[in-house]
There are 2 protein chains.
Amino acid sequence: MKFAKIPMATISRLSIYSRTLQELMEEEVDVISSERLAKQCAVNPAQIRKDLAYFGEFGVRGVGYRVGDLLNQIKEILGLNRPWNLGMVGVGNLGSALIRHANFLRHGYVFTAAFDVDPQKVGRRLPSGVVIKHLEEVDEVVKDRDVHVGVITTPSSAAQSVANQLVLAGINGILNFAPIQIQVPNCCHVENVDFTIKLDSIAYHLSSNG
Amino acid sequence: MKFAKIPMATISRLSIYSRTLQELMEEEVDVISSERLAKQCAVNPAQIRKDLAYFGEFGVRGVGYRVGDLLNQIKEILGLNRPWNLGMVGVGNLGSALIRHANFLRHGYVFTAAFDVDPQKVGRRLPSGVVIKHLEEVDEVVKDRDVHVGVITTPSSAAQSVANQLVLAGINGILNFAPIQIQVPNCCHVENVDFTIKLDSIAYHLSSNG
DNA sequence: ATAATTATGTGATATTCTTCACATTAATTT
DNA sequence: AAATTAATGTGAAGAATATCACATAATTAT
Ligand SMILES: NC(=O)c1ccc[n+]([C@@H]2O[C@H](COP(=O)([O-])OP(=O)(O)OC[C@H]3O[C@@H](n4cnc5c(N)ncnc54)[C@H](O)[C@@H]3O)[C@@H](O)[C@H]2O)c1
Ligand SMILES: NC(=O)c1ccc[n+]([C@@H]2O[C@H](COP(=O)([O-])OP(=O)(O)OC[C@H]3O[C@@H](n4cnc5c(N)ncnc54)[C@H](O)[C@@H]3O)[C@@H](O)[C@H]2O)c1
């Protein structure tokens, strides 16, 4: 292990490894080799070892990796051995589906706040117990509900302004579902989710060009 | 322009450029430089020029790119100057939200088929007019409704089996929302959408490590 | 016409990321 | 205890990707 800049791609893959390890745990697999893990994650075995080498030595030579141990180590690396609180902005079609979705909770992500500007929605209580607040109250609510990450599910026209307000409220991480490239200061880390980009990619590959 | 293998990353970016160009069109901007376009897309200007150079010369030196022209050219490259038919498998929480979502249509993607295995759902007619079919009928329906791309929104436990059936039915492109790495033959191109991986990425950056 | 300006297209360079190949270490067998 | 086997950890090589820097071409101003 050396001290080095960690590739962004490594972080994403650690995330994938952890998903697979979680499954292996549930199947009561104790030990796994980089080769078998690699096959399940659809990556190169050396890639896994390299990725892990950035952070230490987690395996046993000649044996492999202890599934539970490795999972814990990866969670530690990613900062997942603690809950993260999410604040959703824009409780519409997509937002509602997300908030109902159990997978977030399973991975330690909890929606502790929800915002909208539609008077019909503000004040409503979600099944989880969270009450939708007006975005004007974002500063206050972010503090009260200890929100760490903002999730933007507003129309794209509102996304940039929402991002600005989140940053001002002290948010340093944003998951953006609006199909627009939002601009934020360096202190804030943005990840975009845009399905149509993935579809375009498929379209390209299916077209004769690809 | 040279004949060369096109980086996967280039394809994703073309998609982003096209989104921004579409907006610029709506704002009635006629011409844009790689520099300004780059800023809006959060990439390096030379990157844009390089990406485009793989496919030809689309700009005017000293001037920039004609917005409408470039948009068309990019759509042509990606294979987007035609409609693409989608078949959704698993009309649950997420599936319903996606099918209701107008953004797909706006980009030329149409859900022409929907599948489930829940007897309560099979036979129901969606607002769009599409009737949910049983997955058993996938071969037939894929042909009838000319489905090009499969969208998997089933629980992960079902995803691999669903993928197998789609491939057998002749599908060569899959957009997979189940948080699992599905295995398919080379003829089929898979893109995965997993929000929790993005969240993990944010968590990592917010943790002291990042 | 000529010079000045602007912004593309691209070869060269730099960087980042991936894979190989093997030395290293642990466990197992003889 | 030595030999064998297995699979990690990692330096080096390789591939892919991004950026620089400038020659080139179009436009505008003089
Ligand atoms: N629905 C999907 O499946 C889907 C898929 C991909 C991307 N998206 C993107 O997600 C976003 C939301 O999509 P949707 O279908 O849920 O739209 P929606 O119209 O159903 O919901 C948007 C919500 O945002 C709220 N809102 C508007 N402006 C706001 C502001 N300034 N502050 C706070 N809240 C505000 C609205 O009141 C509404 O409740 C869009 O950008 C869309 O492109 C949605
Ligand atoms: N809901 C979300 O916001 C969200 C977010 C991220 C990822 N996902 C993923 O998307 C998938 C669907 O999530 P959901 O919340 O919509 O679940 P859901 O349970 O609401 O819907 C799943 C649907 O798939 C159907 N189904 C099950 N097995 C099937 C099979 N073999 N063939 C066809 N249909 C089948 C079910 O009948 C149901 O209608 C899951 O893998 C989930 O992890 C969902």
Side-chain angles (χ1 to χ4, degrees), chain A residues 1-17 21 24 29-71 73-74 77 181 197 201 204-205 210, chain B residues 1-17 21 24 29-71 73-74 77 181 201 204 210:
Chain A
M1 179 208 180
K2 271 198 330 211
F3 191 72
K5 214 189 133 282
I6 316 291
M8 203 41 222
T10 290
I11 300 304
S12 303
R13 279 190 302 264
L14 287 178
S15 202
I16 293 174
Y17 305 157
L21 289 167
L24 289 169
V29 178
D30 272 357
V31 169
I32 192 160
S33 66
S34 60
E35 188 159 344
R36 290 221 303 123
L37 183 58
K39 191 166 282 171
Q40 279 199 52
C41 297
V43 300
N44 181 296
Q47 184 75 79
I48 294 187
R49 302 198 295 272
K50 246 296 141 68
D51 285 338
L52 295 173
Y54 285 114
F55 302 98
E57 307 195 359
F58 305 113
V60 184
R61 296 184 189 205
V63 178
Y65 300 91
R66 305 222 55 243
V67 172
D69 280 3
L70 185 56
L71 178 57
Q73 296 276 10
I74 292 181
I77 291 166
Q181 206 62 37
I197 289 180
S201 210
Y204 171 76
H205 282 276
Chain B
M1 178 209 181
K2 269 199 330 209
F3 191 71
K5 215 191 133 282
I6 316 293
M8 203 40 224
T10 290
I11 300 303
S12 303
R13 279 191 302 266
L14 286 178
S15 200
I16 293 175
Y17 305 157
L21 288 167
L24 289 169
V29 178
D30 272 356
V31 170
I32 192 156
S33 67
S34 60
E35 188 159 345
R36 290 223 301 124
L37 182 58
K39 190 167 280 170
Q40 280 200 51
C41 298
V43 300
N44 181 296
Q47 183 76 78
I48 293 186
R49 302 199 294 274
K50 246 297 143 68
D51 285 339
L52 295 174
Y54 285 113
F55 303 96
E57 307 198 359
F58 307 113
V60 184
R61 298 184 187 204
V63 178
Y65 300 90
R66 305 222 55 241
V67 172
D69 280 2
L70 186 54
L71 178 57
Q73 297 276 10
I74 291 181
I77 291 167
Q181 206 63 37
S201 213
Y204 170 76

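Within every chain, numbering begins at 1; the chains are lettered A, B, ... in the order of the sequence lines, protein sequences first and strands thereafter. The analysis underlying the following values was restricted to heavy atoms, covering all of them including side chains, and did not include hydrogens, waters or symmetry mates.
- Under the 4.5 Å side-chain criterion, counting only non-hydrogen atoms from C-beta, Val31(A) is not in contact with Val67(A).
- Atom CZ of Phe58(A) and atom P of dT8(D) are 14 Å apart (whole Å).
- The side-chain heavy atoms of Phe55(B) and Leu14(B), taken from C-beta on, include a pair separated by under 4.5 Å.
- When the side-chain nitrogen and oxygen atoms of Tyr54(A) are compared with OP1 and OP2 of dC17(C), none of them lie within a distance under 4.0 Å.
- For the atom pair CG (Leu71(A)) and CD1 (Ile32(A)), the distance works out to 12.0 Å, reported to the nearest 0.5 Å.
- The separation between Ile11(A) atom CD1 and dT18(C) atom P is 12 Å, rounded to whole Å.
- The separation between Arg66(B) atom CZ and dA7(C) atom P is 16 Å, rounded to whole Å.
- Summarising the geometry of Ile16(B) relative to Ile197(A), their closest heavy-atom pair is CG1-CD1, 3.5 Å, with the distance given to 0.1 Å.
- At dT8(D), one or more side-chain N or O atoms of Ser34(A) fall inside 4.0 Å of OP1 or OP2 (strictly under the cut-off).
- Within a heavy-atom distance below 4.0 Å of DNA chain C, the residues of residues 38-49 of chain A found are Asn44(A), Ala46(A), Gln47(A), Arg49(A).
- Closest approach to the Ala53(A) side chain among dA25(D), dT10(D), dT27(D) is made by dT10(D) (side chain taken as heavy atoms from C-beta onward).
- One can place CD of Glu57(B) at 13 Å from C1' of dA26(D), the figure rounded to the nearest angstrom.
- Atoms CG (Asp51(A)) and P (dT16(C)) sit 16 Å apart, rounded to a whole Å.
- Comparing the end axes of the helix from dA1(C)-dT30(D) to dT30(C)-dA1(D), each fitted to five base pairs by superposing C1' atoms of four pairs onto the next four, gives an inter-axis angle of 10° (nearest 10 degrees).
- Taking atom CZ of residue Arg13(A) and atom P of nucleotide dC17(C), one finds them 9 Å apart after rounding to whole Å.
- Taking every heavy atom of both residues into account, His205(A) and Met8(B) meet most closely at NE2-SD, 3.4 Å.
- Rounded to whole angstrom, the span from the CZ atom of Phe55(B) across to the P atom of dT10(C) amounts to 14 Å.
- When distances are taken from the side chain of Ala9(A) to each of dA23(C), dT10(C), dT18(C), the shortest belongs to dT18(C).
- Proximity of Tyr65(A) to Arg49(A): side-chain heavy atoms (C-beta onward) are separated by under 4.5 Å at one or more points.
- Residues meeting the salt bridge (charged side-chain N to carboxylate O under 4.0 Å, His left out) test with Arg13(A), sequence neighbours left out: Asp51(A).
- Rounded to whole Å, atom C1' of dC20(D) lies 14 Å from atom CD of Glu35(B).
- Arg36(B) comes within 4.0 angstrom of no nucleic acid atom, judged by non-hydrogen atoms across all strands.
- Residue Thr10(B) is classed as having no contact, given no heavy-atom separation below 4.0 Å to the nucleic acid.
- Counting distance only, with no hydrogens placed and no angle test, the side-chain atoms of Lys50(B) and the base atoms of dT19(D) include a donor-acceptor pair under 3.5 Å.
- A 4.5 Å side-chain heavy-atom check between Asp69(A) and Phe58(A) finds every atom pair outside the cut-off.
- Looking at Leu24(A) and Leu37(A), their side chains come closer than 4.5 Å, going by heavy atoms from C-beta outward.
- Both Val63(B) and Met8(A) lie close to DNA chain C; mapped to their nearest nucleotides by heavy-atom distance, the more 5′-ward contact belongs to Val63(B).
- Two residues are said to be in side-chain contact when any heavy atoms from C-beta on lie closer than 4.5 Å; Ser15(A) and Tyr204(B) fail this criterion.
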